Amino acid sequence: MAISNAKLRELYEQMLLIRVFETAAEREYKAARIGGYCHLSSGQEAATVGATYALDAEDLLVTGYRCHGFALARGVPPEAVMAELFGRSGGCAHGRGGSMHLLDVAVGYYGGWGIVAGQLPIATGLALGLVRQKRQQCVLCELGDGAVNMGAWHESLNLAAVWRLPVVFLVMNNEYGMGTSVERASAVTDLHRRAAAFGLPAERVDGDDLLAVIEAASTLLSGARNDRQAAVLELVTYRYRGHSVADPGLAYRTSEEIAEHVKHDPLNRVRALLSETGVGDDELDAIALEVDQSVATAIAASLASPPPPVSELARGMYAPGSAAQFARMLAGAPFGERELVFAGGLGE
Ligand SMILES: Cc1ncc(C[n+]2csc(CCOP(=O)(O)OP(=O)(O)O)c2C)c(N)n1
Ligand SMILES: [Mg+2]
């Protein structure tokens with residue numbers, strides 16, 4: 001896979017940003033400055049950055065809830081991602097989504113979805129929308145190994161095949177769905193082979209090999225974009241941390257298993273490639289410093305950003321023009337409840 005040294009350096013910086021961002025998010029969550037859920041993607045950086053890099057600027061990206069890395073790789077500013085984790089109005093979803101529901105339509109990122117496999121019908125619908133609008137764009141839909149046993153997987157892949165929709169389903173196989181290994185959950189553990197049930201092309205590659213990910217993702221995405229050929233891409237990777245920050249991640253796997261994966265760390269592998277092209281330790285240190293600073297700036301900006309005002313709670317819930325319907329309802333009780341449920345109400 002031919003890629004310029006400058007581009008490789010840039011992708012390495014993105015991968016390092018994700019690693020440092022996730023470590024900071026874990027620290028902030030444990031300090032109770034981040035609430036709700038928080039799923040980290042440390043260890044999955046090559047898969048995340050490589051697949052996102054293979055998208056064209058006009059393509060659309062949809063993911064599950066382990067999504068900080070995808071948002072960063074797609075170009076959502078770190079302060080907008082961090083502020084969303086903090087639940088602040090400066091967040092990319094205005095502080096109303098949190099860690100699992102990042103969103104930035106301006107860069108073609110359509111979320112960040114918390115229901116396992118819930119994002120598949122959304123991505124499939126987006127792909128149908130592209131066809132209807134005669135656009136030569138495609139959708140990349142990320143999901144976990146746990147999502148391939150959900151009904152929405154079968155329904156979405158079937159429709160994508162029958163209607164020739166421009167969508168690539170990216171299975172991020174990190175070996176576990178919460179505490180359940182792929183072996184315990186799936187009859188066929190080569191997950192990409194399930195695409196055969198729908199007559200779709202599929203590939204399985206080492207998700208910790210950045211260049212292999214870019215090559216496979218580029219081929220499948222261009223098939224979707226140019227020939228409306230839906231496909232499945234399975235990236236075999238590993239998550240270093242627990243399922244969420246609340247899970248130490250050691251009840252269902254051993255420290256030895258984790259250590260074995262760390263030996264093939266995706267960041268080290270790209271660092272080795274950079275060294276071969278003559279990038280020295282000085283330059284690597286400079287990149288690390290830049291990344292540390294941008295994460296520190298993101299945290300400071302998040303702390304300075306106010307929480308979203310309660311009066312904005314119903315914003316985005318109703319289409320423009322539905323004000324008359326909304327006016328009949330009690331503010332803060334859009335389904336007509338008689339009492340306000342928020343302390344202090346909505347200022348009325
Ligand atoms: C429909 C549904 N069922 C159960 C859950 C609870 N749940 C959250 S994550 C998860 C495991 C998913 O694992 P996987 O698809 O492998 O993704 P990963 O966490 O490894 O990224 C489960 C069961 C949920 N969010 N949605
Ligand atoms: Mg998984």
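Indexing begins at 1, ligand by ligand and atom by atom, following the structure's order. Just so you know, these numbers come straight off a predicted model, no measurement behind them.
Between D59 and R135 there is no salt bridge, since no side-chain nitrogen of the basic residue lies less than 4.0 Å from a carboxylate oxygen of the acidic one. With respect to R9 and E283, a salt bridge is recorded, a charged nitrogen being found less than 4.0 Å from a carboxylate O.
With sequence neighbours excluded, the residues forming a salt bridge (Lys or Arg N to Asp or Glu O under 4.0 Å) with E234 are R204, listed by chain and number. Not counting sequence neighbours, R193 has no partner by the side-chain hydrogen bond (donor to acceptor under 3.5 Å, both in side chains) test.
Y252 and D247 share a donor-acceptor pair across their side chains, judged by distance under 3.5 Å alone. Residues T63 and Y110 bring no donor and acceptor atom of their side chains to less than 3.5 Å of each other.
Between the side chain of S156 and the main chain of T124, no donor-acceptor pair closer than 3.5 Å is present. R66 contributes a side-chain N or O that, together with a main-chain N or O of H243, makes up a donor-acceptor pair within less than 3.5 Å.
Contacts of ligand 1 (protein heavy-atom distance under 4.0 Å) are Y65, R66, G114, I115, V116, G144, D145, G146, A147, M150, N174, Y176, G177, M178, H243.
The shortest side-chain heavy-atom distance between L210 and Y12 does not fall under the 4.5 Å cut-off.
With waters neither drawn nor counted, the protein N/O/S atoms under 2.8 Å from the Mg ion (ligand 2) amount to 3.
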